[in-house]
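The chain is numbered in sequence order, starting from 1. Being a predicted model, the structure only gives us computed values, none of them experimental.
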Amino acid sequence: MAGRYSEARRQIAQQLRQTQLKWRDIGGIVVNRRRVIVWSSIGVIVGAGAIVLTTLIYHVSREAMKIQGAVIRHDSDSSRALPIADVLITASDGATSVTARSNASGYFSLPFQGDVWPGQIVMLSFSHPDYKPLQIKLPPGFRKAAKELYIAAMDPMPEQAEADHQGPLIAITNIRVRYTVNTQTEVDIGAAVKTFQVVNKGNVPCNRQFPCSPHENWKASTGSASLDAGVDNVFRNVRASCIAGPCPFTKIDTSGFENGGRYITVSALNWSDTATFLLEAEVLHVAINSNVRESHPALFAQSLNFTLPPTAEGESLEADVDGAPMVFPLGPGPDLYLSWANCTARIDSGEEKVTVYRCELKPGYRF
């Protein structure tokens with residue numbers, strides 16, 4: 001009996017060991033599968049990140065960058081370093097190139113779009129028929145360099161016409177800038193007064209029969225008055241008020257006169273008994289006065305410079321040419337003609353919008 005019991009125990013123990021081995025094999029498979037899944041996920045994430053990074057690098061490299069600066073005349077005297085207009089500017093990296101021209105103030109802006117890698121060179125070239133060609137090499141680190149402001153100082157071509165001129169130079173002296181500024185003036189010529197009444201009976205329910213009081217409790221009435229200042233006249237400092245009757249139960253509408261002008265209107269709402277209103281205003285006569293102004297330009301070597309306000313009219317230069325006084329109307333437009341100088345005009349980019357004039361003496365003349 002004892003032998004049979006021992007044999008049974010031995011068989012049960014053997015089955016338990018076999019079961020444990022099976023579970024170990026299954027666990028190993030599960031662990032291995034988990035490892036495969038984890039490493040596969042990491043690979044997918046790394047691959048997607050590389051694609052996104054490559055796309056970002058491509059788009060950044062293709063993003064248009066603005067190269068900007070100004071072109072001036074090279075001169076040791078900074079007061080003679082005048083801006084140069086209509087200069088042809090080219091930016092090139094050997095594969096991509098863009099061009100632009102400087103405006104009247106010498107400013108230029110080039111939207112450069114291309115794949116510029118670290119260490120690659122971008123060259124700026126400047127050309128103008130009256131100046132020697134110029135090249136500027138952008139420093140390494142193009143994207144950082146593109147944010148800088150570039151000043152191109154160009155050397156003028158030798159003035160052969162001046163060298164070939166024979167005889168004494170004609171003197172331009174006593175130069176004055178003359179222009180007219182129109183200003184508006186207002187002269188007080190009197191006052192206007194007008195009264196009006198708004199007839200109504202108080203304590204009458206509104207019953208939604210408009211007009212009503214502001215809270216729609218009582219029946220109300222409206223009235224108005226108007227004034228005309230006349231031709232070339234305007235009203236200023238307009239006032240309206242209730243002067244008689246139950247004024248606390250009235251309301252004045254100021255929208256018809258708050259800005260003044262030739263015509264004004266006042267209206268009032270009254271939801272009690274009859275009230276009286278007063279309208280007052282000052283009458284001003286409007287006139288346009290023309291004032292003649294004179295100024296003197298700034299002279300630098302062979303050029304003169306001056307500015308005029310945006311309200312200037314009838315601009316002209318007055319000068320003595322070889323001792324004889326003359327008047328030279330400037331007229332509208334960017335290209336101005338003088339017999340003794342080449343002139344240009346440009347509108348300044350500031351808020352005041354002044355006009356900047358510059359004139360260069362022609363060969364055979366001197367200040």
Side-chain angles (χ1 to χ4, degrees), residues 70-73 78-86 101-109 172-190 228-238 257-264 281-321 325-362 367:
V71 187
I72 60 175
R73 183 169 64 182
S78 59
S79 64
R80 298 169 58 181
L82 304 176
I84 307 175
D86 203 35
R101 289 188 179 273
S102 61
N103 63 15
S105 65
Y107 174 78
F108 67 87
S109 176
I172 307 296
T173 59
N174 196 22
I175 305 173
R176 303 171 307 281
V177 181
R178 187 182 179 94
Y179 60 97
T180 301
V181 174
N182 295 325
T183 57
Q184 178 177 296
T185 59
E186 296 181 349
V187 180
D188 193 337
I189 60 174
D228 179 2
V231 179
D232 295 331
N233 297 329
V234 294
F235 290 112
R236 292 287 186 264
N237 299 322
V238 186
F257 65 81
E258 58 187 4
N259 296 321
R262 176 178 173 178
Y263 303 99
I264 58 173
E282 298 174 5
V283 183
L284 304 180
H285 179 70
V286 180
I288 303 297
N289 295 328
S290 296
N291 300 311
V292 178
R293 308 282 178 84
E294 282 191 358
S295 64
H296 296 273
L299 304 180
F300 297 107
Q302 295 294 101
S303 67
L304 64 85
N305 300 266
F306 62 94
T307 62
L308 292 179
T311 56
E313 298 180 357
E315 307 93 321
S316 65
L317 278 178
E318 298 180 355
D320 295 343
V321 180
M326 295 185 180
V327 178
F328 303 90
L330 295 179
D335 298 323
L336 312 173
Y337 175 78
L338 293 178
S339 60
W340 46 272
N342 297 315
C343 297
T344 60
R346 62 179 175 84
I347 305 298
D348 189 70
S349 58
E351 295 182 359
E352 297 181 356
K353 301 298 181 183
V354 301
T355 305
V356 182
Y357 292 85
R358 186 184 73 189
C359 297
E360 295 275 351
L361 282 179
K362 294 179 178 180
F367 290 127

Work out which heavy atom in [X] is nearest to a heavy atom in [Y]; give both atom names and the distance.
| X | Y | answer |
| --- | --- | --- |
| Y179 | A312 | CD1-CB, 3.6 Å |
| G261 | I264 | O-CG2, 4.3 Å |
| D188 | L284 | CA-CD2, 3.2 Å |
| H296 | I175 | ND1-O, 3.2 Å |
| D228 | R262 | OD1-NE, 2.9 Å |
| A70 | F108 | N-CE2, 3.3 Å |

Any side-chain heavy atom of [X] sitting closer than 4.5 Å to one from [Y]?
| X | Y | answer |
| --- | --- | --- |
| L82 | E360 | yes |
| E186 | R236 | yes |
| L338 | L317 | yes |
| L330 | Y357 | yes |

State whether the side chain of S102 and the backbone N or O of I84 hold a donor-acceptor pair below 3.5 Å, judged by distance alone.
->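 Yes; at least one donor-acceptor contact below 3.5 Å.
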
Give a yes or no answer on whether the side chain of R358 reaches the backbone of P83 with a donor-acceptor pair at less than 3.5 Å.
->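 Yes; judged by distance alone, with no hydrogens or angles, the pair exists.
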
Do N291 and T180 pass the side chain to side chain contact (heavy atoms under 4.5 Å, CB included) test, and can you show the C-alpha distance, the side-chain angles, and the key distance before you say yes or no?
-> CA-CA 6 Å; N291 300 311; T180 301; over 6 Å; no

N289 side chain to T183 side chain, donor-acceptor N/O pair below 3.5 angstrom |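 On atom types as modelled, these side chains do not qualify, holding no pair under 3.5 Å.
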
Would you check if there is a donor-acceptor pair between the side chains of N237 and E282 at a distance under 3.5 Å?
-> yes

Here the salt bridge (charged side-chain N to carboxylate O under 4.0 Å, His left out) pairs for residues 284-298, sequence neighbours left out, are R178-E294

To the nearest 0.5 Å, how far apart are OG1 in T173 and CG in D320?
->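 T173 OG1 to D320 CG: 4.5 Å, rounded to 0.5 Å.
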
Under the side-chain hydrogen bond (donor to acceptor under 3.5 Å, both in side chains) test, which residues partner H285, sequence neighbours left out?
->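 For H285, the residues satisfying side-chain hydrogen bond (donor to acceptor under 3.5 Å, both in side chains) (neighbours in sequence not counted) are N233.
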
Please state whether the rings of W340 and F328 are parallel, tilted or perpendicular, taking 30° and 60° as the class boundaries.
-> perpendicular

Start with the C-alpha gap between K362 and N342, add the side-chain angles, then the distance that decides, and say whether side chain to side chain contact (heavy atoms under 4.5 Å, CB included) holds.
-> CA-CA 7 Å; K362 294 179 178 180; N342 297 315; 3.1 Å; yes

Show your reasoning for whether side chain to side chain contact (heavy atoms under 4.5 Å, CB included) applies to V321 and I172.
-> CA-CA 5 Å; V321 180; I172 307 296; 3.9 Å; yes

V238 and E258: side chain to side chain contact (heavy atoms under 4.5 Å, CB included), yes or no, with the steps?
-> CA-CA 7 Å; V238 186; E258 58 187 4; over 6 Å; no

What pairs with D86 under salt bridge (charged side-chain N to carboxylate O under 4.0 Å, His left out), at least two apart in sequence or on another chain?
-> R101

